[in-house]
Enquirer: 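Structure incoming, see below.
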Amino acid sequence: AQSVAQPEDQVNVAEGNPLTVKCTYSVSGNPYLFWYVQYPNRGLQFLLKYITGDNLVKGSYGFEAEFNKSQTSFHLKKPSALVSDSALYFCAVRPISGSARQLTFGSGTQLTVLP
Amino acid sequence: EAQVTQNPRYLITVTGKKLTVTCSQNMNHEYMSWYRQDPGLGLRQIYYSMNVEVTDKGDVPEGYKVSRKEKRNFPLILESPSPNQTSLYFCASSSAPTVYNEQFFGPGTRLTVL
C-alpha cells in the first residue's frame with residue numbers, strides 16, 4: 001500500500017526567506033506526485049504535479065518542487081516566502097500503474113509566514 | 001466560472017437523522033470523489049465515481065452512500081449519521097485521464113453530528 005509522510009505538522013518562516021515543505025512517499029513502481037494548498041475555509045487548490053521528465057517542477061504562485069527518486073521525496077519550495085503563502089499544504093501520490101482512485105494524501109503541513 | 005459546489009456548507013444534526021450533502025460540477029468531468037478531512041489524518045477517500053452509474057468504495061466507505069445518476073451531480077448520503085462522522089467533507093472532480101490529472105475541490109461541508 002502506498003503512503004505519504006509530511007514529517008512537519010508546522011513550518012514557520014520569515015517573509016522573504018526561502019521555504020521548504022517536506023514530503024516523502026512510498027509507492028509500488030513509479031509515482032505521480034501532487035501538491036495542493038488549502039486556505040482557511042476553502043477547498044484544496046492544485047499547485048503542481050510531477051508526471052515524468054524534468055525533476056524540477058514549477059507551479060502556481062512561484063512554488064516549485066523537486067522529485068528525488070533515490071530519496072523518494074518531493075519537497076515543495078519557494079525562494080522568497082510571502083505572508084499570503086500561509087496555508088495548509090498537502091502532498092499526494094498515486095502509482096503510475098494504479099487506478100484513478102489510488103490517490104493518497106499526506107496529513108498536511110501548516111505553513112506560517114511571519115511578517 | 002469552472003467550479004465544484006457543495007451544499008450545505010455547514011450542518012449540525014443529531015444521531016440517526018438522515019442527511020444528504022449535494023455536490024455539483026460544471027466542467028463536464030467524468031471522475032468525482034468524496035473525501036473527509038480530519039486533523040492529523042489528511043484527506044481520506046470515501047467513495048468515487050468514474051462516470052454516470054459507476055461508483056466504488058474508497059478507503060472509508062462505512063456509513064455512507066453515493067449515487068451518480070447525472071454526470072454533474074454526486075450526492076453523499078448519510079442514512080443514519082453517528083458522532084464519528086463529524087468531519088469536514090470535500091467533493092472533488094477530475095477530467096480523464098484521471099490518473100494524472102489534478103482534482104478540483106469544492107469549498108467543503110463542515111458536518112457536526114450530536
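Proteins get letters first, then strands, A, B, ... in listed order; numbering begins at 1 in each. In this text the structure is predicted, and so the values were computed from the model without any measurement.
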Enquirer: Output the residues of residues 71-78 of chain B for which the shortest heavy-atom distance to chain A is under 4.5 Å, in residue-number order; output 'none' if no such residue exists.
Expert: none
Enquirer: Side chain, backbone, both or neither: which part of B/Phe90 has a non-hydrogen atom closer than 4.5 Å to chain A?
Expert: side chain
Enquirer: Would you say that more than 12 heavy atoms from the other residues, nucleotides or ligands in this model lie under 6.0 Å from the OH of B/Tyr100, or not?
Expert: no
Enquirer: In terms of heavy-atom pairs under 4.5 Å with chain B, which of A/Phe34, A/Tyr50, A/Phe46 leads?
Expert: A/Phe46
Enquirer: Strictly distance-based, threshold 3.5 Å: is any side-chain N or O of B/Thr109 a donor or acceptor partner for the main-chain N or O of B/Pro8?
Expert: yes
Enquirer: From B/Met50 CE over to B/Glu30 CD, what is the distance, rounded to the nearest 0.5 angstrom?
Expert: 8.5 Å
Enquirer: Whether the side chain of A/Arg94 engages the backbone of A/Thr104 through a donor-acceptor N/O pair (distance < 3.5 Å, no angle test) should be reported.
Expert: no
Enquirer: In terms of heavy-atom proximity below 4.5 Å to chain A, should B/Leu43 be classed as side chain, backbone, both, or neither?
Expert: both
Enquirer: What part of B/Asp38 is in contact with chain A, defined as an atom under 4.5 angstrom from a non-hydrogen atom: side chain, backbone, both or neither?
Expert: neither
Enquirer: Report which part of A/Asp9 has an atom under 4.5 Å of a heavy atom belonging to chain B: side chain, backbone, both, or neither.
Expert: neither
Enquirer: Taking all non-hydrogen atoms of both residues, which atom of A/Val27 and which atom of A/Pro95 are closest, and how far apart?
Expert: CG2-CB, 3.4 Å
Enquirer: Which answer fits A/Ile51, side chain, backbone, both or neither, if we ask what part of it has an atom under 4.5 Å from a heavy atom of chain B?
Expert: side chain
Enquirer: Please tell me whether B/Tyr35 and B/Tyr47 have a donor and an acceptor in their side chains that are separated by less than 3.5 angstrom.
Expert: no
Enquirer: Taking CD1 in B/Ile12 as the centre, count heavy atoms belonging to other residues, nucleotides or ligands within less than 6.0 Å. Is the count above 12?
Expert: no
Enquirer: If two hydrophobic side chains count as joined below 4.5 Å and joins carry through other members, does A/Val93 share a cluster with A/Val21?
Expert: yes
Enquirer: Hydrogens and angles aside, do A/Asn55 and A/Lys69 bring a side-chain donor and acceptor to less than 3.5 Å of each other?
Expert: no
Enquirer: With only heavy atoms counted, which part of A/Gln38 is less than 4.5 Å from chain B, the side chain, the backbone, both or neither?
Expert: side chain
Enquirer: Looking at A/Gln71 and A/Asn68, would you say the former's side chain and the latter's main chain have a donor-acceptor pair under 3.5 Å?
Expert: no
Enquirer: Which answer fits A/Tyr36, side chain, backbone, both or neither, if we ask what part of it has an atom under 4.5 Å from a heavy atom of chain B?
Expert: side chain
Enquirer: Test your reading of the model: is there a side-chain donor-acceptor pair from B/Gln6 to the backbone of B/Gly108, 3.5 Å cut-off?
Expert: yes
Enquirer: If we ignore hydrogens and angles and just use 3.5 Å, is the side chain of A/Ser73 paired with the main-chain N or O of A/Thr24 as donor and acceptor?
Expert: no
Enquirer: For A/Arg42, I'd like to know if atom CZ has over 12 heavy atoms of other residues, nucleotides or ligands within 6.0 Å.
Expert: no
Enquirer: Is B/Arg44 in contact with chain A via its backbone, its side chain, both, or neither, using a 4.5 Å heavy-atom distance?
Expert: neither
Enquirer: Please output the residues of residues 18-29 of chain B in contact with chain A, using a heavy-atom cutoff of under 4.5 Å, in numerical order.
Expert: none
Enquirer: Using a 4.5 Å heavy-atom cutoff, which residues in residues 105-112 of chain A come close to chain B?
Expert: A/Phe105, A/Gly106, A/Ser107
Enquirer: If a pair satisfies salt bridge (Lys or Arg N to Asp or Glu O under 4.0 Å) and one of its residues is in residues 88-110 of chain B, list it, with sequence neighbours excluded.
Expert: A/Lys49-B/Glu102
Enquirer: Determine whether the aromatic ring centres of residues A/Tyr89 and A/Phe63 are separated by less than 6.0 angstrom.
Expert: yes
Enquirer: Would the distance check show the side chain of A/Trp35 and the main-chain N or O of A/Phe74 forming a donor-acceptor pair, the cut-off being under 3.5 Å?
Expert: yes
Enquirer: Strictly by modelled atom types, are B/Glu53 and B/Asn51 linked by a side-chain donor-acceptor pair under 3.5 Å?
Expert: no
Enquirer: Which answer fits B/Gln37, side chain, backbone, both or neither, if we ask what part of it has an atom under 4.5 Å from a heavy atom of chain A?
Expert: side chain
Enquirer: Need one label for B/Tyr10: side chain, backbone, both or neither, based on atoms under 4.5 Å from any heavy atom in chain A.
Expert: side chain
Enquirer: Strictly below 4.0 Å, N to O, side chains only: are A/Glu64 and A/Lys58 in salt-bridge contact?
Expert: yes
Enquirer: Report the distance from atom OH of A/Tyr61 to atom OG of A/Ser84, rounding to the nearest 0.5 Å.
Expert: 9.5 Å
Enquirer: Could you tell me which portion of A/Leu88 (side chain, backbone, both or neither) has an atom closer than 4.5 angstrom to a non-hydrogen atom of chain B?
Expert: side chain
